[in-house]
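What follows is one structure encoded as structure tokens, with my remarks underneath.
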Amino acid sequence: MSGKTETGPGPFGVEVLSARDVPLGGPRAMTVRRTLPQRARTLIGAWCFADHYGPDDVAESGGMDVAPHPHIGLQTVSWLFGGEIEHRDSLGSHALVRPGELNLMTGGRGISHSEVSTARTTLLHGVQLWVALPGEHRDAARDFQHYAPGTVRLDGADVRVFLGSLAGETSPVRTFTPLLGAELLLDPGATVTLATDPAFEHGLLVDEGEVRLSDTLLHPAELGYTAPGSTALTLTNTSDAPARTVLLGGPPFEEEIVMWWNFVARTDEEIRRAREDWAAASDRFGEVTGYPGTRLPAPELPATPLKPRGRVR
Ligand code: MN
């Protein structure tokens with residue numbers, strides 16, 4: 001599903017971000033479709049990373065098996081459409097990630113976790129998203145939150161709001177910057193108009209179906225970006241089956257960040273320090289118990305300093 005990246009907005013201001021295929025690593029390497037970050041765009045609000053995967057036949061791919069690894073400066077959002085993942089982290093959390101349930105892990109100063117699809121999973125299908133923490137909170141304490149939102153029925157769509165507010169529904173989950181995260185399941189042929197905060201920029205990720213955002217048709221695995229200023233978004237499912245999408249949003253994140261491996265920081269030095277701390281098994285990241293195997297070693301850093309990147313204006 002990789003393809004060329006179209007830069008620049010279409011006629012009605014929708015910029016199409018195509019995914020590139022990325023092997024997750026591990027012995028049998030499940031592949032994910034990554035739309036953020038990419039050359040054309042680093043962030044949408046504080047959303048700084050978007051991986052979309054499946055439906056993945058676990059019998060064939062081996063499923064997900066990500067050994068303990070560290071994070072700094074971010075929150076991870078796991079949202080499944082199908083299958084089940086066992087999460088363990090150095091806070092001591094041991095949770096099952098299930099379809100329609102948000103699992104939000106905060107790794108400010110440092111956390112580590114493992115993610116393994118469960119034995120009863122046949123098809124694994126979902127998104128893994130990261131949120132950059134703002135400067136004043138980027139050393140936030142480790143945290144893990146779980147939330148199963150109800151379904152809001154609109155004329156033409158079912159909406160589940162896992163972060164922020166949409167369609168009259170507000171998630172109680174705490175974030176460090178204003179954010180929107182919601183799953184929208186559109187009826188065949190339906191058109192839905194959603195009121196949006198004009199301070200927010202948005203990204204609509206299409207999972208299944210063909211969906212028109214304003215006047216731009218989005219295909220599965222594409223992310224349609226809209227700049228701040230809109231008070232509404234109009235989505236049309238042009239397919240004759242339900243279409244599933246995830247809508248992300250937030251006010252533009254004005255800080256530049258340095259992203260490398262599983263770290264979000266501000267400088268090259270901070271990244272190098274975090275890598276050293278992980279290599280030295282520092283208690284900065286704590287310990288994951290119960291994972292049957294060894295933790296992931298950090299890859300080699302490039303010899304040249306990592307460069308900060310910001311939002312594209
Ligand atoms: Mn992780």
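Contact of the Leu180 side chain with the Leu247 side chain is registered, since non-hydrogen atoms from C-beta on lie closer than 4.5 Å. Looking only at side-chain heavy atoms (C-beta outward), Val159 and Thr151 stay at 4.5 Å or farther from each other. Taking the side chain as every heavy atom from C-beta outward, Leu205 and Val127 approach each other to under 4.5 Å. Side-chain atoms of Asp51 and Val22, non-hydrogen and from C-beta on, never get closer than 4.5 Å to each other. At a threshold of 4.5 Å between non-hydrogen side-chain atoms, the residues Val58 and Thr122 do not count as touching. Counting heavy atoms from C-beta outward, Glu183 and Pro149 have side chains that stay 4.5 Å or more apart.
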Report task. Please step through salt bridge (Lys or Arg N to Asp or Glu O under 4.0 Å) for the pair Arg244 and Asp158, ending with a clear verdict. Result -> CA-CA 10 Å; Arg244 189 192 279 115; Asp158 286 334; over 6 Å; no

Requested in this report: Just do the side chain to side chain contact (heavy atoms under 4.5 Å, CB included) check on Arg160 and Glu169 with the steps written out, would you?
Outcome: CA-CA 8 Å; Arg160 288 187 185 138; Glu169 194 74 6; over 6 Å; no

Report task. Show your reasoning for whether side chain to side chain contact (heavy atoms under 4.5 Å, CB included) applies to Thr238 and Val211. Result -> CA-CA 6 Å; Thr238 65; Val211 177; over 6 Å; no

Query - Working for salt bridge (Lys or Arg N to Asp or Glu O under 4.0 Å), residues Glu287 and Arg88 - result: CA-CA 10 Å; Glu287 197 149 343; Arg88 296 173 189 271; over 6 Å; no

Requested in this report: Begin with the C-alpha distance, continue with both residues' side-chain angles, and end with the deciding distance and a verdict on side-chain hydrogen bond (donor to acceptor under 3.5 Å, both in side chains) for Thr234 and Thr193.
Outcome: CA-CA 4 Å; Thr234 298; Thr193 296; 2.9 Å; yes

Requested in this report: Mind running side chain to side chain contact (heavy atoms under 4.5 Å, CB included) on Glu210 and Leu218 for me, showing each step along the way?
Outcome: CA-CA 6 Å; Glu210 308 276 319; Leu218 299 171; over 6 Å; no

Query raised in the report: Taking it one step at a time, do Arg284 and Glu276 satisfy salt bridge (Lys or Arg N to Asp or Glu O under 4.0 Å)?
Result: CA-CA 11 Å; Arg284 172 177 184 175; Glu276 278 170 27; over 6 Å; no

Query raised in the report: Which is it for Gln38 and Leu17 under the side chain to side chain contact (heavy atoms under 4.5 Å, CB included) test, yes or no, and what are the steps along the way?
Result: CA-CA 8 Å; Gln38 58 174 272; Leu17 301 173; 3.5 Å; yes

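With a 6.0 Å cutoff to the six-membered ring centre and a 45° limit on the axis angle, Arg295 counts as a cation-pi contact of Trp278. Judged by the 6.0 Å distance and 45° axis criteria, Arg41 is positioned over the aromatic ring of Tyr225.
Between Arg272 and Asp277 no salt bridge is recorded (no basic side-chain N to carboxylate O distance below 4.0 Å). Ion pairing of Arg266 with Glu256 is absent here, as no side-chain N (NZ or NE/NH1/NH2) approaches a carboxylate O to less than 4.0 Å. The pair Glu270-Arg138 meets the salt-bridge criterion, since a charged nitrogen lies less than 4.0 angstrom from a carboxylate oxygen. In this structure, Asp143 pairs ionically with Arg174, as a charged nitrogen and a carboxylate oxygen lie closer than 4.0 Å.
Between Cys48 and Ala132, the closest heavy-atom pair is SG-N, 3.7 Å. Contact between Phe285 and Ala274 at its shortest, heavy atoms only, is CE1-O, 3.6 Å. The heavy-atom pair separating Asn103 from Leu96 by the smallest distance is ND2-O, 4.3 Å. Across all their heavy atoms, Ser165 and Thr170 have their closest contact at OG-OG1, 2.6 Å. Of all heavy-atom pairs spanning Gly110 and Ile72, the tightest one is CA-CG2, 4.1 Å. The two residues Thr294 and Pro68 come nearest to each other via the heavy atoms O-CD, 4.1 Å.
For Asp268 (side chain) and Leu306 (main-chain N/O), a donor-acceptor pair under 3.5 Å exists by modelled atom type. Judged by distance alone, with hydrogens and angles left aside, the side-chain atoms of Glu60 form no donor-acceptor pair with the main-chain N or O of Asp57 at under 3.5 Å. Looking only at distances, a side-chain donor or acceptor of Ser171 sits under 3.5 Å from a matching main-chain atom of Val173. A donor-acceptor distance shorter than 3.5 angstrom exists from the side chain of Glu255 to the backbone of Gly135, with no hydrogens or angles considered. Although no hydrogens or angles enter the test, the distance criterion places a donor-acceptor pair under 3.5 Å between the side chain of Ser90 and the main chain of Ser112. Judged purely by atom type and a 3.5 angstrom limit, Asp56 has no side-chain atom pairing as donor or acceptor with the backbone of Leu123. Judged by distance alone, the side chain of Arg98 and the main-chain N or O of Ala148 form no donor-acceptor pair under 3.5 Å. Remark: the backbone N or O of Gly45 is paired with a side-chain donor or acceptor of Glu201 at under 3.5 angstrom. With Thr118 contributing its side chain and Ile85 its backbone, the two residues share no donor-acceptor pair below 3.5 Å. With Asp89 contributing its side chain and Gly92 its backbone, the two residues share a donor-acceptor pair below 3.5 Å.
Partner of His71 under the ring pair (Phe, Tyr, Trp, His ring centres under 6.0 Å) criterion, chosen from Trp261, Phe263, Trp130, Trp260: Trp130.
To the nearest 0.5 Å, atoms CG (Leu133) and CG (Leu74) are separated by 6.5 Å. The OG1 atom of Thr245 lies 8.5 Å from the CG atom of Asp207; values are rounded to the nearest 0.5 Å. Between the CG atom in Leu213 and the OG1 atom in Thr236 there is a gap of 9.5 Å [rounded to 0.5 Å]. Within the model, atoms CZ of Arg275 and CG of Asn262 stand 12.5 Å from one another, a figure rounded to the nearest 0.5 Å. The CD atom of Gln75 lies 8.0 Å from the OG1 atom of Thr177; values are rounded to the nearest 0.5 Å. Annotation: the span from Leu163 atom CG to Leu129 atom CG amounts to 9.0 Å, rounded to 0.5 Å.
With hydrogens and angles left out, the side-chain atoms of His94 and Glu86 include a donor and acceptor closer than 3.5 Å.
The aromatic rings of Phe200 and His202 sit tilted relative to each other, their planes meeting at an angle between 30° and 60°.
Following chains of ILVMFWY side-chain contacts shorter than 4.5 Å, one cannot reach Leu185 starting from Val206, and the two form parts of different hydrophobic clusters. No single ILVMFWY cluster, assembled from side-chain heavy atoms under 4.5 Å apart, contains both Leu91 and Leu102. The hydrophobic clustering, which links ILVMFWY residues whose side-chain heavy atoms are closer than 4.5 Å, places Ile111 and Leu104 apart. One hydrophobic cluster, built from ILVMFWY side chains closer than 4.5 Å, holds both Phe81 and Leu248.
The ring of His69 has its center closer than 6.0 angstrom to the ring center of His113.
The ring pair (Phe, Tyr, Trp, His ring centres under 6.0 Å) search around Trp47 returns none, not counting sequence neighbours. Considering only residues two or more places apart in sequence or on other chains, Arg142 meets the salt bridge (charged side-chain N to carboxylate O under 4.0 Å, His left out) condition with none of them. For Asp139, the salt bridge (charged side-chain N to carboxylate O under 4.0 Å, His left out) test picks out no residue, with sequence neighbours left out.
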